[in-house]
Structure formats: C-alpha cells, structure tokens
Amino acid sequence: MGVTILQQFPTENRTGPDTIELLSKRIKALGAMQHGNFLVDCETYTSVPQLGHQRTVHVLHNSEQPATVFSILDTGTKTIPLATDGLFDLLMMKMSSFYTSKKQTKAESKGPRFEIGDFCVKLGTITVSSNFKGILVEVEYKPCVVPAMCWDLMKEFLQGFLGFSVPSTPPTYLQNRMQELYTPIDTIHQYLEQFMIYRKSPGIGVRT
Amino acid sequence: MPRIFFIKVGQNYIIIMSAAPGSAMDSLSAALKCNIIPNQEYLLQGSVLDQYVEVLLHRLRGLCDNVDSGPESFHDHELSFALRAQGSGAAPMVLPLRVRRALDSPESPWQLRYVGQQELGDKNRPTVVRSSIDMACSSTIVEFLTELGCRMDFEYIARGYMFRKGRMKITVSKIFKMGNMNTKPGEGVEPISQSYLVELSVLAPTGQDAIAEDMRIFAEQLRPLVQLEKIDYKRLGNMS
C-alpha cells in the first residue's frame, strides 16, 4: 500500500464506457497490464431526530482491502474515522432504528484495475444510486508512503496519460498531510470527498 | 481478479471467493443466507472463590486443548456503551455495545461487540443463547461511539486465563474496578469481589444447538469445583 491520488477526468462529449475505453488504451500503450477490476462503494446513514443533533455515518468498502469496512462519522464539527472487520455492516443493520440510510445516495466507483511497474491505476465509473456521474482515476505509487516525497513523480505520471487537466497541486485532503504516513483510510477520505461532490452534481444524464 | 471475502469464526477465517468484485453487502447477504456468520453466543457462567482458583486452573489445564503451551493469559479493559433513544412506542430503544482492548498488548486491534438480549429458553435448553456480533476495530472506536451518541455505562478490568476445548472457550477472570488510567497496568485497581468469574462460551452460526449439549457435558466435568449455570440477569434484580 502506497500513496494514492484521486483525479476526476472530464468526459466532455464522450459516454462513460467510451471514456474508460480511451483511458484503457492510453494506459495500455504505456505498457500497463489489466489485473482484474475494483470497486469502492459508500452508503450514508443519518441519525434519527430522537438522537439529538444530526450526525452522519459514511460506510465505505474498498475491494483493495476486502476484509475491512471503513466508516467516517461526521458530527458537523469533526470527523472520526473507524476501521473494522466486515461484520460492521451487520451492526449497521442493528442500528437501523438510530441511523437510517438516505435513499438514492449509494455511491460507487468501479472499473478496470491496471498495474504498470510500481504504479497501480484504476479507472472508475462513478454512479450515484445507479446514475452515471463521471470518471474518477485512482493512481497508487506503491513504493512510497509519504505524499510529499512522491507527489511530483505522481503528478508527472498522471499528466502523462490524463493530459494537462491534472492540477499542479495535490488534492485538498492531502495538502495538510503531505509529510504524514499514508494509510488506507486516507484513500477512503479522498473517495468520500469525491463522492460528496458527485452527489451534489446534477449528473450527466444516462451515458452509462 | 477473484474477490475474497473473509469471515472470522473464532480463531479461524472462512474465505469466500467470487469471480468479480461484487459489493460487500452482496457478499454479506450471501454469507447470511448460507448461515456461516457466527452471530449466536452460547454461554454458561459461574464463579469460584480466590482460594480455590488454582485447583480449577489445574483441572482446566488437564481437560483443555492447549496443554503444551499452557493457558493464555489476558489483561483486558472493557467498556460498556449503550445507544439510547425514545422510540415511537413507550419503550426506549437501546443498543448495547461493548469495547474491549488488551492492556498487555497495546498493538493488538480493539474489539467491538454487540450483545443482544439473552434467551434462557426452557429448562431443557442447556445454555443461555444470545445474539452477538463480534469484530476487531481500530482504537478510534471509543471516540467514534461517543460522538455517535453512545453513553458509557460502566467499565472494568478483567485479568485471567483463557482455555480452549474444541470450539469452546473457557475464561477464568478476576474483575477489577477501574483505577486511575494514568497508573501502569495492574496498579491502582481494586478487585470487585473475592472470587473469579468463570465463563464457558461458543460463538456459532444460528441453529447449531448441538454445541450447547457439548457445553453441558463439559460443565459437568468441572463440578463441583465450579457450577456453571444459565444466569438469569433479570432475577438479579436491581443490580443492572
């Protein structure tokens, strides 16, 4: 597990599958091999009014860590991450009278997963309650766990196959954590940040 | 790439593999359908006075599986939380949750556990049965539960030994009141009684009632050193 960067890729006038196809071709041309598929999903639960001020629990799964359930509790003033075994999903069902999931908020990023040297590249199709929302590219640089030490290299790699739509500054979530050790929960935070943006976006229609 | 789903059963993992990465909820539903999730706890409890605990430990050493390595010792801190809210009816909704951490192994993951209402059943049922969801978690759990709206009801320290006999787990533990958290483990704590708590339990998927009979037979073998019984908490009156 190394440092991971998430990057939106504009679909412009292409459909979702066309965009994935285009990016797959580009990454394969660089010598990448496809190693299966990946899936990251997020379900959001909100506290019932009897529990006092409103709190939100985001429950995420990442196929890269299949035995773990990641949760992020948002109290409005702070966020608390939690990593647990798979049975946490069962516990959330028990909590259904305290925390209820909003309908139409299930967000997912899924698609092909490529390996190229020290990098792992995932081309994700984002859907929010089955509606296509956009394309999210995940790039992991496996040998390094300190973002500051590999950001420039990763930026160059990203620009190499995504073009200059890649910003020159790291994602906002990472900006304050550039010197810290990167762990899987950091990837989850980035996905949640992106999913929140996509949930608010009006959607791109039915180009799935 | 096959997706691998792990389910922890006692000391072991059941591994389910599927061809494509399905959603975790699909895997969980499949596991629930196959009834392989250990969500029932079969339990018998008893106690032994301090002066006789050595005799019991000696007996357990002889009866249990881990003869060569000896019993495993533990020194845990347990916190009992509950999530409460007024329901639509008159009765308030309560979700009890327990957090446990090993004081003697700070690097180990913490444990989070939901323990449901116990069912005593009729007198032909050899053990108490209660639903249980047990999982490892990160150390942020206490802050997570507190901010989630849970309130801590009580906490204690349990120190003792764990034995295994097949799928059965036997713990012999001394319960201590919480001392000052700043003191070193084992210091500044006061025992709650002059006896040890003895528990015989198995975590199994629903409907494996045969295990309860094995437990009854095993409990028989520990008599008269300790009398393991179905404890009815409701009859303990105002203690809860």
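All values below come from the heavy atoms of this structure, side chains included, with hydrogens, waters and symmetry mates left out. Chain A is the first sequence line, chain B the second, and so forth, proteins listed ahead of strands; every chain is numbered from 1.
- Interface remark: A/S47 contributes no atoms to any contact with chain B (heavy atom separation under 4.5 Å).
- There is no contact between A/M92 and chain B, counting heavy-atom distances below 4.5 Å.
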Worked verdict on B/L28 versus A/L87 for side chain to side chain contact (heavy atoms under 4.5 Å, CB included): CA-CA 8 Å; B/L28 185 70; A/L87 289 187; 4.3 Å; yes
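- Proximity to chain B is limited to the side chain of A/Y99, based on heavy atoms less than 4.5 angstrom apart.
- Both the backbone and the side chain of B/L83 come within contact range of chain A, with heavy atoms under 4.5 Å apart.
- The CE atom of A/M93 sits 13.5 Å away from the OH atom of B/Y114 when rounded to the nearest 0.5 Å.
- In this structure, CD in A/E43 is found 10.0 Å from OG in B/S23, a value given to the nearest 0.5 Å.
- For a residue to count as touching a neighbouring chain, one of its non-hydrogen atoms must lie under 4.5 Å from one of that chain's; by this rule B/L95 touches chain A with backbone and side chain alike.
- With a 4.5 angstrom heavy-atom cutoff, B/S131 touches chain A only via side-chain atoms.
- Note that the CD1 atom of A/I80 and the CD atom of B/E147 stand 4.5 Å from one another [nearest 0.5 Å].
- Taking chain B as the reference chain and counting heavy-atom pairs below 4.5 Å, the highest number among A/L82, A/T84, A/D89 is found for A/L82.
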Side chain to side chain contact (heavy atoms under 4.5 Å, CB included) evaluation trace for B/R84 with A/L51: CA-CA 8 Å; B/R84 290 187 178 83; A/L51 225 52; over 6 Å; no
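- In this structure, no portion of A/K110 lies under 4.5 Å from any heavy atom of chain B.
- Taking each heavy atom of B/V94 and A/F98 in turn, the nearest pair found is N-CZ, 4.1 Å.
- Of all heavy-atom pairs spanning B/T140 and A/P81, the tightest one is OG1-O, 2.7 Å.
- Only the side chain of A/V57 comes within contact range of chain B, judged by heavy atoms closer than 4.5 Å.
- Separation of atoms CG (B/L97) and CG (A/L91) is listed at 5.5 Å; rounding is to 0.5 Å.
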